[in-house]
2 protein chains.
Amino acid sequence: MQISSRFSIGVHILSLLAIRPQDHHTSEWLAGSVGTNPVVIRRVLGHLKKAGLANVKAGSGGATLARELDEITLLDVYRAVDVVEEGNLFHVHEQPNPACPVGANIEKVLRLMMFKAQAAMEGVLAAVTMRELVDVLAREIEEKRAANG
Amino acid sequence: MQISSRFSIGVHILSLLAIRPQDHHTSEWLAGSVGTNPVVIRRVLGHLKKAGLANVKAGSGGATLARELDEITLLDVYRAVDVVEEGNLFHVHEQPNPACPVGANIEKVLRLMMFKAQAAMEGVLAAVTMRELVDVLAREIEEKRAANG
DNA sequence: TTTTATTGTAACCATATTAGTTACAACTCG
DNA sequence: CGAGTTGTAACTAATATGGTTACAATAAAA
């Protein structure tokens, strides 16, 4: 099991919009960098638009950031692309036997522990802004450029 | 996307082994409490056995704990039932364009952030032992018993 | 030894999700 | 108008999940 690459694609797209603000970001252009089909990009971009993270212009085409990078956290992207239903990262089996003491009570205990684990994960995503990520990315690009030419 | 219920089933099984040590824990009996098919139980139990968390006796049947509750963390169970490939909770898209500066460098940055998020989640699981979980569960059972009779 | 109950595993099924693809109506703007 | 683009539906192949039947191998009781 893995969390859908829609999340990583969403981050990739927003990074492109941030780092290359001058370009005409069509789904085809974005797909070229992500390495996938334009329709996949349009689907993810649709999620980002709905969440108020990106603007997309129909007809003439092109996407832009709808918010400052400082005001977009990785958790915002994660939620936007709808990869994990809220509070349900873990699937808890659904028919424990209520006639058995363990069966009747384990669900509550399990959900508590799993919620904490999930919250810890999302907390890390919430603590990183796209500004920080793009800064790290830009530094990475610059370092490689300096090294390889 | 959700992490397979094998994990919650595994915890449920170990809890049963701990709370009802006197019973004959056949897959059928366990399935009765979990609310699923005995084969599903046997499959999970197979994972737990392989990981050294449970003993299962073929032929005459019956499962028992193979370790003290204090020496089993939720992370042990999570790893045992093989719900998430190590280090790969997040699926990162696999063909970013190396000719694009963003495409060439985003994977490393993404993996770093995602690894931190995943590690935070697993850290919570590692911090909870089956002893603690079973204690909470036993308290829950007792409270309900006292209230409802 | 025979009988009975159980495990371990293969095989199959229905369902769901994912990511890619084709197709096309609706839209924007030169 | 015409060229280029988005939004979306529809289809596909691949994969994972959880349930089910079936049965050989096994253990222990009768």
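Quick note on labels: first sequence line is chain A, next is B, and so on, each numbered from 1.
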Start at the 5' end of DNA chain C and walk down; is the nucleotide closest to A:S4 or to B:E28 reached first?
B:E28
Quick one: on DNA chain C, does B:Q95 or B:A58 contact a more 5' nucleotide (nearest heavy atom)?
B:A58
What nitrogen or oxygen pairs link the protein and nucleotides 1-4 of chain C at under 3.5 Å?
none

Touch check for [X], heavy atoms < 4.0 angstrom, all strands: base, sugar-phosphate only, or nothing?
X     : value
B:V56 : sugar-phosphate
A:H91 : sugar-phosphate
A:G61 : sugar-phosphate

Hey, can you tell me if A:F7 and B:F90 have their rings parallel, tilted or perpendicular (30° and 60° cut-offs)?
tilted
Just one of [options] clears the side-chain contact (heavy atoms from CB on, under 4.5 Å) bar with [X], so which one?
X      : options                    : result
B:L48  : B:I13, B:L65, B:N55, B:I72 : B:I13
B:M121 : B:L75, B:V84, B:L89        : B:L89
A:I41  : A:V44, A:N37, A:L45        : A:L45

Under 4.0 Å: is that the gap between some side-chain N or O of [X] and OP1 or OP2 of [N]?
X     : N      : answer
A:S60 : C:dG30 : no
A:R6  : C:dT18 : yes
A:T36 : C:dG20 : yes
B:S27 : C:dT7  : yes

Among residues 48-55 of chain A, which contact DNA chain C at a heavy-atom distance under 4.0 Å?
none
Whole-Å gap separating P (D:dT5) and CG (A:L30):
12 Å
Side chains of A:H25 and A:T64: any donor to acceptor distance under 3.5 Å?
no
Does B:S5 use its side chain to pair, donor to acceptor, with the backbone of B:S8 at less than 3.5 Å?
no
Of all the nucleotides listed (C:dT21, D:dG18, C:dT6), which has the minimum atom distance to the side chain of A:R43?
C:dT21
Of the nucleotides C:dA19, D:dG18, C:dA23, which one has an atom closest to the side chain of A:R42?
C:dA23
